[in-house]
Amino acid sequence: MSEKPTKHTKVLIIGSGPAGYTAAVYAARAMLKPMLVAGMQPGGQLTITTDVENYPGFADVIQGPWLMEQMREQAKAVGTDLVDDHIQSVNLKSKPFEAIGDGGQKYTADSIIISTGAQARWLNIESEEKFKGFGVSACATCDGFFFKDKTVAVVGGGNAAVEEAMFLTKFASKVQLIHRRNELRAEKLLQKKLMENKKIEIIWDSVVEEVTGDSEPKNVKGLKIKNVKTNEISELKIDGLFIAIGHDPATALFKDQLEMDNTGYLITKSDSTETNIPGVYAAGDVKDKIYRQAVTAAGMGCMAALEAEKYLASN
């Protein structure tokens, strides 16, 4: 089998959510002819988000997949080389940097922008999959608004779960926090606020067994939950379920090459997207575990492209 010729680019963008596409738009307009490798889930987490109401510039509700399609088309229109491949290994010690795709395609680059994103952890039960986007969500900030005066449940026990539960009380009439243990992992101050909130009820020592609801049109009606101490199954009537058991950044690729925090998020310099290796930048959810919004990811994509441009000009 003949080796595929190596593809070289000044800017290699790995990943294709709002961060990657925005980086591509800026890099392409700076005449850097960027190459963007789309990865396994082109468009990232927004492709599983149906209604988007908080992306600036759209008065009407837009669809996540549509927004990503538009960003992709824009990146292409200004001159990005879009590649459907998945990077499986990188060497950031070599100059130029090297990356290898799934089929063995080799890429070399003078600078790299990493926008591989993160994935929400799910419960991984069949009924959850069925109702994803139809009452089951992993983002209260994105979808809480759709549950005005309704009853919702949140699964989890850490800071994220407590924050999501509190946020949801702005809209929902009742929030039930389901936790598999008998105490929360969240910070004490957050726990105190949670306990004081009249709209929140905590269901201890319990796990979700099944999400129940209608098939046509699809919507969530309730949950079957199991008490882990008694094995007793009980039913809850709810209108929405939020999973808040954490996110995993897609950074396995960069292990032992780039600095990460203890949960695997890439660390960048203050007010910058630069990693510990000059010429390598990280933008979006791969480095941001606080905001996790399309608009902040896009903003970081812009920053990364501008920083890469400056880096290339001075080298």
Full working for side chain to side chain contact (heavy atoms under 4.5 Å, CB included) between Leu223 and Glu210: CA-CA 6 Å; Leu223 293 178; Glu210 193 188 342; over 6 Å; no

Taking [X] first and then [Y], would you say they form a salt bridge - that is, a charged N and a carboxylate O separated by under 4.0 Å?
{"X": "Lys289", "Y": "Asp261", "answer": "yes"}
{"X": "Glu126", "Y": "Lys130", "answer": "no"}
{"X": "Lys132", "Y": "Glu129", "answer": "yes"}
{"X": "Asp205", "Y": "Arg181", "answer": "no"}
{"X": "Glu98", "Y": "Lys106", "answer": "yes"}

Between [Y] and [X], is there a side-chain heavy-atom distance shorter than 4.5 Å?
{"X": "Pro278", "Y": "Glu274", "value": "yes"}
{"X": "Asn276", "Y": "Ile267", "value": "no"}
{"X": "Ile13", "Y": "Tyr21", "value": "no"}
{"X": "His247", "Y": "Arg121", "value": "no"}
{"X": "Glu209", "Y": "Ile225", "value": "no"}
{"X": "Leu312", "Y": "Val11", "value": "yes"}
{"X": "Pro18", "Y": "Met68", "value": "yes"}
{"X": "Pro65", "Y": "Leu46", "value": "no"}

Can you confirm whether the side chains of [X] and [Y] place a donor and an acceptor under 3.5 Å from each other?
{"X": "Tyr107", "Y": "Asp85", "value": "yes"}
{"X": "Ser272", "Y": "Glu307", "value": "yes"}
{"X": "Thr151", "Y": "Gln176", "value": "no"}
{"X": "Thr212", "Y": "Lys221", "value": "no"}

Verdict with supporting geometry, Phe147 and Phe242, ring-ring contact (aromatic ring centres under 6.0 Å, His included): CA-CA 11 Å; Phe147 294 92; Phe242 290 86; 5.6 Å; yes

Might you point out which heavy atoms bring [X] and [Y] nearest each other, and give the distance in Å?
{"X": "Leu266", "Y": "Lys287", "value": "O-CB, 3.4 Å"}
{"X": "Phe167", "Y": "Thr141", "value": "CE2-CA, 3.7 Å"}
{"X": "Ala308", "Y": "Ile113", "value": "CB-CD1, 4.3 Å"}
{"X": "His8", "Y": "Thr108", "value": "ND1-OG1, 2.7 Å"}
{"X": "Ala250", "Y": "Thr116", "value": "O-OG1, 2.8 Å"}

Do [X] and [Y] sit in one hydrophobic cluster, given that two such residues count as connected whenever their side-chain heavy atoms are within less than 4.5 Å of each other, even indirectly?
{"X": "Val155", "Y": "Val211", "result": "yes"}
{"X": "Trp66", "Y": "Val52", "result": "yes"}
{"X": "Met303", "Y": "Ile114", "result": "no"}
{"X": "Ile202", "Y": "Leu241", "result": "no"}
{"X": "Ile203", "Y": "Val154", "result": "no"}

Stepwise side chain to side chain donor-acceptor pair (under 3.5 Å) test for Gln41 and Thr47: CA-CA 8 Å; Gln41 190 185 11; Thr47 55; 3.2 Å; yes

Should we count [atom1] of [X] as having more than 12 external heavy atoms under 6.0 Å?
{"X": "Lys199", "atom1": "NZ", "result": "yes"}
{"X": "Asn315", "atom1": "CG", "result": "yes"}
{"X": "Lys218", "atom1": "NZ", "result": "yes"}

Rounded distance (nearest 0.5 Å) linking atom OG of Ser89 with atom CD of Gln257: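 The OG atom of Ser89 sits 8.5 Å away from the CD atom of Gln257.
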
Check: [X] side chain, [Y] main-chain N or O, donor-acceptor pair, under 3.5 Å:
{"X": "Ser115", "Y": "Ile14", "value": "yes"}
{"X": "Thr275", "Y": "Val280", "value": "yes"}
{"X": "Ser94", "Y": "Pro96", "value": "yes"}

Check against side chain to side chain contact (heavy atoms under 4.5 Å, CB included), Lys170 and Phe145: CA-CA 9 Å; Lys170 290 184 185 181; Phe145 182 77; over 6 Å; no

Side chain to side chain contact (heavy atoms under 4.5 Å, CB included) between Phe97 and Ile112, intermediate numbers included: CA-CA 8 Å; Phe97 304 118; Ile112 291 183; 3.6 Å; yes

Derivation of the side chain to side chain contact (heavy atoms under 4.5 Å, CB included) call for Ile87 and Ile100: CA-CA 6 Å; Ile87 300 295; Ile100 309 285; over 6 Å; no

